[in-house]
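See structure below.
By convention here, the first residue in the shown sequence is residue 1.
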Amino acid sequence: MMVAELHTWEQVEKLAANFEERFGYEPTWYGNVDEVYAALKESLDSGVPKLEGQDPEICL
């Protein structure tokens, strides 16, 4: 059974840009678009980053 996604990757990209501006680093994410959106939104709303920064030593 497929679940409809509530958000788009374009929305995630916009929040990620806001996240980077606010917290000073580019967040790393993986998983479902709605989960990523929620983590970014919660980070921006609370002022506490919920995602880690990118590690240049790791290539996915």
Side-chain angles (χ1 to χ4, degrees):
M1 178 176 149
M2 292 191 67
V3 177
E5 295 173 338
L6 302 176
H7 301 93
T8 66
W9 287 111
E10 290 78 17
Q11 291 172 307
V12 167
E13 290 288 340
K14 288 178 184 176
L15 284 183
N18 293 341
F19 181 102
E20 185 174 0
E21 184 177 305
R22 180 162 186 184
F23 298 111
Y25 66 91
E26 188 174 346
T28 298
W29 68 73
Y30 51 88
N32 177 284
V33 65
D34 293 324
E35 293 170 357
V36 174
Y37 183 93
L40 288 165
K41 182 91 170 95
E42 183 179 348
S43 297
L44 293 168
D45 289 348
S46 70
V48 179
K50 303 294 181 188
L51 298 168
E52 297 182 18
Q54 294 188 3
D55 185 342
E57 298 295 317
I58 299 174
C59 181
L60 299 177

Indicate the atoms forming the closest heavy-atom contact of Gly47 with Pro49, along with that distance.
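Gly47 and Pro49 have their closest heavy atoms at O-CD, 3.9 Å.
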
What are the two closest non-hydrogen atoms of Val33 and Glu5, and how far apart are they?
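Of all heavy-atom pairs spanning Val33 and Glu5, the closest is CG1-CD, 3.4 Å.
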
Check whether any side-chain heavy atom of Trp29 sits under 4.5 Å from a side-chain heavy atom of Val12, and report yes or no.
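In contact.
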
Please enumerate all residues that pass side chain to side chain donor-acceptor pair (under 3.5 Å) together with Asn32, with sequence neighbours excluded.
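By the side chain to side chain donor-acceptor pair (under 3.5 Å) rule, Asn32 matches no residue at all.
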
In a table with atom names and distances, give each donor-acceptor pair under 3.5 Å that connects a side chain of residues 16-27 to protein atoms at least two apart or in another chain.
from  : atom 1 : to    : atom 2 : distance (Å)
Arg22 : NH1    : Leu44 : O      : 2.4
Tyr25 : OH     : Leu51 : O      : 2.6
Glu26 : OE2    : Gln54 : NE2    : 3.2

What residues form a salt bridge (Lys or Arg N to Asp or Glu O under 4.0 Å) with Lys14, not counting sequence neighbours?
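So Lys14 forms no salt bridge (Lys or Arg N to Asp or Glu O under 4.0 Å) with any residue.
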
List for me each residue that meets salt bridge (Lys or Arg N to Asp or Glu O under 4.0 Å) alongside Glu42, sequence neighbours excluded, and say none if there are none.
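For Glu42, the residues satisfying salt bridge (Lys or Arg N to Asp or Glu O under 4.0 Å) (neighbours in sequence not counted) are Lys50.
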
Joint hydrophobic cluster, Val36 plus Leu6, side-chain heavy atoms closer than 4.5 Å
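No: no chain of side-chain contacts under 4.5 Å links Val36 to Leu6.
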
